[in-house]
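Some notes on the structure that comes next.
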Amino acid sequence: MKEQLSALMDGEMDMDENPHLYTALCKSDEAEACWSTYHLIGDVMRGEFHAQNGMYSKIMQQLESEPTVLAPRRRTLRERLQHQHVVPVAASVAAVAFVGWIVWQSQNVGLPTQAPAPSIAQNTLSPESLNNYMLAHHEYAPTYGMQHAYEIQPATYSETGN
Amino acid sequence: MRSLIRRLGLLLWLLPLAGQAAESGDPWLMLDKANQAAHQLNYKGVFVYQAGANVSSMQIMHVNYGPSGEFARLVLLDGVPREMLRQGNDVVIYQPKSEKVMVDKRRLQNGFPAVLPKLTDDLKANYQIKLGGTERIGGHEGQMVTLDPRDKLRYRCKLWIERESGLLLKMAILNDKDEVIEQVAFSQLMLVDSDNSDWFHPDIQRGKSYVMAPEETVTPIPARDESWTVTHLPPGFRKTEQVKRAVPGKPYPVSHLVFWDGLASVSVFIEPVSQGVSVPKVGSFSQGATNVLVTVHDGHQVVVMGEVPAATVAQISNGVVFNK
């Protein structure tokens with residue numbers, strides 16, 4: 001288990017083919033630790049990892065007590081993406097994306113496609129076109145109203161379709 | 001670590017304040033208690049949110065695990081079964097879309113019932129506070145407190161605060177005609193004990209792929225690079241932030257200025273108009289208490305939005321000046 005996590009951190013293992021790894025981390029009923037793990041793994045993948053609050057050692061302690069799972073080595077994400085001729089930028093996005101959450105799936109993790117460049121704009125102002133600003137307003141300004149913030153969708157969702 | 005120290009400091013504050021609020025009936029202290037109760041207490045319930053024609057209800061479970069922080073799970077009960085898992089200001093939103101579940105990571109400053117500001121001189125300078133009667137809301141006795149603006153540049157806010165726990169039961173934002181333009185209220189609410197955190201997970205939909213949206217990066221701008229100023233700022237508003245940040249969907253970092261009066265906030269977003277790509281749309285609209293105005297200044301699109309009257313948004317927009 002510990003080796004698997006190390007392999008994961010080294011980018012040598014495909015987490016979406018090893019869903020048990022992340023779910024095992026979540027098995028203890030400490031969701032906060034699980035949540036922090038998610039952030040930690042994301043940070044590690046982005047190279048921003050700093051040992052915070054002993055989180056890393058806590059995870060490692062937890063993993064020490066886990067049985068080692070013997071499984072054949074899967075093709076890594078990097079290899080899969082290279083195989084599919086996806087550009088490295090997309091690979092890094094994908095790595096961050098699935099490491100956190102894409103653990104229940106064994107395949108078919110799709111990347112959100114880039115939003116098409118805006119064409120000639122209409123003259124009427126649509127509230128949806130400002131959704132990204134609405135979200136930024138909620139993220140950074142101390143708003144006291146607007147509970148629909150949870151419902152605002154990034155403009156890219158509707159543009160990318162299904 | 002810093003948040004832990006802040007939290008401990010808050011706790012030390014909370015204990016004496018809670019007693020004083022109950023004894024003295026000082027509405028400012030009640031407000032402060034409500035602000036803290038929303039963060040400190042463990043509760044679950046359903047609240048209904050209304051802004052204009054838009055009505056939706058949301059289930060909430062909120063637990064404060066002390067040093068580990070605040071956790072909340074929200075489920076939208078109307079329409080698409082969207083779920084939000086929140087830790088502090090970090091929010092992960094799960095939204096089913098066809099055969100996928102979109103996973104969107106965001107940050108949010110405030111969320112009901114934790115929407116009240118800390119007591120500041122700004123708040124007290126711009127609003128008068130009044131104690132009202134009691135009213136039954138979601139099965140609880142609510143003590144009404146009104147924040148009356150000292151001028152027409154901001155909205156009136158009515159609050160109903162649960163007498164014992166101090167939890168905010170209901171909030172209504174009213175315009176100068178005393179019409180409710182936005183409100184949110186608990187229809188069910190109970191305090192809970194939570195020893196474990198089994199509840200803090202999304203409702204997993206097996207067989208669907210989870211697709212995570214790309215994350216935004218933020219680049220603060222050095223102060224000397226500030227290229228925009230807002231002159232003739234409406235009285236009582238203060239600039240709390242000015243940065244250049246990446247906003248999803250925008251090809252370049254956008255200037256973002258935030259103004260605050262102790263309760264209401266206004267954002268100004270400024271981006272260059274890309275030549276030959278699009279004609280910027282200008283105009284205005286409102287959603288609940290939020291007014292939005294889009295104009296063009298000096299070859300830039302200026303978007304002003306905030307939970308203040310349209311005239312206040314317009315005044316801020318008119319004051320935007322490019323520092324040449």
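Keep in mind that the numbers below use all heavy atoms, side chains included, and drop hydrogens, waters and symmetry copies. Model, not experiment: these values are computed from the prediction. Proteins come first, then strands; the chains are lettered A, B, ... in the order of their sequence lines, and each starts at number 1.
- Closest heavy-atom contact between B:Ser284 and A:Leu125: N-CD2, 3.8 Å.
- Closest non-hydrogen pair, A:Tyr140 versus B:Gln109, comes out as O-NE2, 3.5 Å.
- Nearest heavy-atom pair across A:Tyr133 and B:Glu271 is OH-OE2, 2.9 Å.
- Between B:Lys281 and A:Ser129, the shortest heavy-atom distance links the atoms NZ-CB, 4.1 Å.
- Note: B:Ser265 leads B:Gly79, B:Ser267, B:Ser265, B:Pro117 in heavy-atom pairs under 4.5 Å with chain A.
- Counting heavy-atom pairs under 4.5 Å between each of B:Asn89, B:Leu116, B:Val254, B:Thr240 and chain A puts B:Val254 at the top.
- Looking at B:Leu76, the atoms closer than 4.5 Å to chain A (heavy atoms on both sides) all sit in the side chain, from C-beta outward.
- Here the straight-line distance linking atom CD of A:Glu139 with atom CZ of B:Arg245 works out to 7.0 Å at 0.5 Å rounding.
- To the nearest 0.5 angstrom, B:Lys250 atom NZ is 6.5 Å from A:Asn132 atom CG.
- B:Thr290 approaches A:Met134 most closely through the heavy-atom pair CG2-CE, 4.2 Å.
- Taking each heavy atom of B:Met305 and A:Leu130 in turn, the nearest pair found is CE-O, 4.4 Å.
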